[in-house]
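For ligands, and for the atoms within them, numbers begin at 1 and follow the listed sequence.
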Amino acid sequence: MRVLSSSLLLLCVLGYVLCDVYMHNPRGSNNRLNERTAVRRNANRLFDSQNNNRGGYNTGDAESTAANNDPNKQYSMQYYQSGPEAAAESRLIVEWTNQHGCGGSEDSSPHKLNCDIVIQYMCQNDVDQSALRANLAENKDNLLRDGLNTQNNGYQQPNRQEINENNPNRNAVYTNRMSGNLNQIGMGRGYHESMVWYDMCRYREANGGLFTADQRLNNGNLGYKDSSRTRQNPNGNRSGFECPEERDYYPYWFPTLMSQTYDQARQTTPWIDMAYLTSNTSRCDLIKKGSFNQNGIPRCVVNEGDRTYGRAITEAACTAEGGTWVTFQSYLEILTSITTEAACNAKAATDKRNKISWISLRSDETAKKCVVQAPEVDCTSAPWTRVNHNGNSPDSQGNASRYDAVLPYFPSDTKKRCVMRLRYNISTDDYDPFNTNSASNEDIQEGVVSPIEQNPLVDVGASARPLRLALNTNQYGRTFQDRSHVFRMLPRDSADMTGKIIHNLNVRGKRGNIVQTYPAVEYDFIPNRATVSTSDLVHIQWTGSNTHNNQPNGGDGQTGDAGEGQGGTDRSNFLEMQGEIENYPAPFENTTFWANVKSVTQPSATAKDIAAGFFSSGYYCGAAQSANVCNQNGDQVLGTGGAMNDLLNNAPASYFGHVLKFTGKTTVAYMCSRNNNFSNRSQKGILWVVDPADAAKSQAAKKSRRRSFVMKNL
Ligand SMILES: *[C@@H]1O[C@H](CO)[C@@H](O)[C@H](O)[C@H]1NC(C)=O
Ligand SMILES: *[C@@H]1O[C@H](CO)[C@@H](O)[C@H](O)[C@H]1NC(C)=O
Ligand SMILES: *[C@@H]1O[C@H](CO)[C@@H](O)[C@H](O)[C@H]1NC(C)=O
Ligand SMILES: *[C@@H]1O[C@H](CO)[C@@H](O)[C@H](O)[C@H]1NC(C)=O
Ligand SMILES: *[C@@H]1O[C@H](CO)[C@@H](O)[C@H](O)[C@H]1NC(C)=O
Ligand SMILES: *[C@@H]1O[C@H](CO)[C@@H](O)[C@H](O)[C@H]1NC(C)=O
Ligand SMILES: *[C@@H]1O[C@H](CO)[C@@H](O)[C@H](O)[C@H]1NC(C)=O
């Protein structure tokens, strides 16, 4: 009988998944779409979260009623991109809670675990929402979308006839199967990774060098272990078109490109690494080298008719398979309008954010392109949180764990549709997490006993009977995930935005009280306290659903949707209060904030127009009929339009808001009139607009406070 180390951390109890990660801003879906129930309907809809069935937020609705089947009535958050100037950051707070603790070094923190948070995004050129209805081949297997129903796409696995050298029709078998798979893809179903990406995963041999403990991975249809099977997913279960091996391991050893060939029209990026937050920053150099962002990654390109991917994951195996070992480059986008090296270099000189180079996208191509690559992954320490607690972090100053993201800049100045993904990876030192490999996989005949085994019995000495540990080897060292819904990134379309910082001010949370929403959260502004400079811009925007009813089935929590206004509906607005300690909005005549702002997005809007938009969540376009502010069909003007419900029931659930610039120093304490209900719920905030020098000081203080919390040895 083996005696295990006493530092054993009991992770998840077998069969009862409770260790999780939930994104709160941008809203994490946890695989939800528009369910009226407290639990999600389909845990495998787009990705494998391994989270609790509760939690997660619905997609946004653009109007006051549920979008149902109409993609035009869904709302995607629209964030402005950063600009090319170093200072022109578009900042977005990424906020999440993780249940099993994170941060601190494994030696000095009492929770004794290794933890990494990997934040990535994927983008492509935007299309009109109505394209989500168009049943066209180029949309079906290519278009990032939330979907209109919670079903999965079907998929037929590869079969041995496709790789049978003696079968002259093997290419036809492959192409028939793939066209069948393509036909099955529904425009109404959510889509992130592509079907081709998943098919590559089914072909690709599993990395035999990985530690799988005593889990037995079976062969796939093609007669070998493929990368759809991992220690955490031994049955090869499928979630959306995510590749399980890529999900579980980072940095991944295969380029995360979504198709066989570069798609010029859509320009779908691979997964772009934004941040790697870790309990051991001495690994940052390795992470930066392993990141696809600016490092080419090879794969085997086979020449099997229409199929260009196969089994090999090493150069030698690739040659044996008759393929070519080709290095691929990642990209944010390809500037197709730039056709010479000189023009590309000139563009590179103007872009202080990205790496722009005149290179080939793949090593077997001589043609060069002007390739924009994302900045290096930001590798830094993870916010510290304690275990067994979906709570706040001292490193985020008492807020839930946060990362201050700088959104990308796309030099083509085009609108993008994107999705963000956050993975939470924990492991213990019961085995060396980064150096334990397949040599330790259990093989009793060869006399190899895995360093960890399923529910082992441990000898506690003193002639006592052994005790059983709750240790599930497919959950020991584990990766959890959450993803945003599709959001858009807009090019900066106003000269007023040039060189400026844009702060995103949004609303997190969903309808219900603290237990009904758990492990999602109640409403709040995010950030709810912020200091910005008079030269910065602030974009106030929110999204909500009309179907957050949280009805039974409740899973392992309470159901219900306590809140004001019509059941199931999220609403927010933004009203100035007379002071920070109040719970009462000031009448417009008594406000000071609106006189100190101008709208960058609607320059002709008056203070009253802006205030009317924010207090009505866009129900009123403005306070007076004006060609520039109220010019859409159906616009309601304050005073002359139809009456707005005093609980915002007939106001839109989502509001794009205005990007504000400031005419001077000002402070605004603000609230949401509907949700702020002392003492049940607070949805209030305060924004200080200060001199640039004071804003810089406040930013520096925030950074230094971040690491002021040092865990002492117990
Ligand atoms: C941190 O990572 C480095 C490099 O992989 C390793 O040598 C070191 O032991 C790790 N430290 C801890 C506390 O795990
Ligand atoms: C995979 O699917 C099987 C059969 O549907 C299920 O019993 C098992 O729990 C799933 N495994 C994981 C890790 O989700
Ligand atoms: C999680 O940590 C393990 C080490 O225990 C590592 O092998 C794996 O690549 C990590 N996965 C992710 C997604 O960070
Ligand atoms: C959250 O963070 C902000 C700074 O971004 C800070 O001002 C605020 O006090 C924090 N909130 C709480 C509840 O600690
Ligand atoms: C608005 O300002 C006026 C004049 O200063 C004051 O008399 C009134 O009480 C204020 N109203 C509210 C609701 O604060
Ligand atoms: C505040 O919440 C309670 C409980 O839901 C409700 O009875 C009350 O009407 C609410 N107050 C307001 C002003 O909406
Ligand atoms: C609101 O708060 C009151 C008093 O704390 C409490 O009795 C009531 O149940 C709460 N209502 C909701 C809907 O949360």
Side-chain angles (χ1 to χ4, degrees), residues 7 9 11 19 21 47-50 98 100 102-120 206-207 209-213 227 230-233 242-254 256 271 273-292 377 379 381-382 421-438 440-441 450-452 473-483 575-593 595 669 671 673 711 713:
S7 73
L9 176 83
L11 291 180
C19 328
V21 68
F47 57 97
D48 179 14
S49 72
Q50 302 209 9
N98 52 244
H100 249 282
C102 197
S105 97
E106 206 256 348
D107 293 336
S108 64
S109 170
H111 48 40
K112 300 290 171 208
L113 58 78
N114 305 307
C115 166
D116 315 305
I117 305 277
V118 192
I119 304 177
Q120 296 170 302
N207 185 334
L210 295 173
F211 174 58
T212 52
S227 48
T230 63
R231 179 173 53 76
Q232 295 181 59
N233 190 43
E242 183 180 56
C243 178
E245 193 184 62
E246 184 273 341
R247 172 198 180 280
D248 291 1
Y249 298 94
Y250 178 85
Y252 196 47
W253 43 87
F254 190 87
T256 55
W271 283 114
D273 303 328
M274 179 178 254
Y276 186 83
L277 313 176
T278 173
S279 53
N280 184 352
T281 47
S282 57
R283 298 188 62 247
C284 281
D285 283 348
L286 288 173
I287 294 300
K288 285 182 184 166
K289 277 190 205 124
S291 162
F292 192 23
V377 55
C379 185
S381 51
R421 162 201 214 193
L422 184 149
R423 281 177 291 168
Y424 166 51
N425 192 40
I426 50 175
S427 59
T428 71
D429 274 348
D430 294 320
Y431 59 91
D432 179 344
F434 299 101
N435 294 306
T436 306
N437 55 31
S438 54
S440 302
N441 290 344
S450 161
I452 56 168
T473 55
N474 75 18
Q475 302 187 351
Y476 206 78
R478 236 184 129 177
T479 313
F480 302 90
Q481 181 178 198
D482 204 355
R483 290 190 185 184
L575 287 149
E576 178 172 344
M577 295 188 291
Q578 214 75 329
E580 192 187 344
I581 55 167
E582 307 211 358
N583 282 290
Y584 213 83
F588 179 77
E589 291 67 30
N590 290 38
T591 62
T592 56
F593 181 62
M671 66 180 289
S673 64
M711 288 307 301
N713 269 320

For N280 and T278, does a side-chain donor sit closer than 3.5 Å to a side-chain acceptor? no

Do you see a donor-acceptor pair shorter than 3.5 Å between the side chains of T256 and E246? no

Tell me whether [X] has any N or O atom under 3.5 angstrom from an N or O of ligand 3.
{"X": "T479", "result": "no"}
{"X": "D248", "result": "yes"}
{"X": "Y250", "result": "yes"}

Check whether any side-chain N or O of [X] sits under 3.5 Å from a backbone N or O of [Y] as a donor-acceptor pair, and report yes or no.
{"X": "Y424", "Y": "H100", "result": "yes"}
{"X": "Q481", "Y": "R421", "result": "no"}
{"X": "R423", "Y": "R247", "result": "yes"}
{"X": "E245", "Y": "N207", "result": "yes"}

By number and element, which atoms of ligand 3 are closer than 4.0 Å to a non-hydrogen atom of R247? 13 (C)

Under 4.0 Å from one or more heavy atoms of R283, ligand 1 contributes atoms 2 (O), 4 (C), 5 (O)

Near ligand 5, which protein residues have a heavy atom under 4.0 Å away? Q578, P587, N590

Give yes or no for whether the N/O distance cutoff of 3.5 Å, strictly under, is met between S282 and ligand 1. yes

Does the side chain of S227 come within less than 4.5 Å of Y252's, by heavy atoms? yes

Given T230, T479, N233, the one that forms side-chain hydrogen bond (donor to acceptor under 3.5 Å, both in side chains) with D248: T230

side-chain hydrogen bond (donor to acceptor under 3.5 Å, both in side chains) partner of Y250, chosen from D116, D273, N425: D273

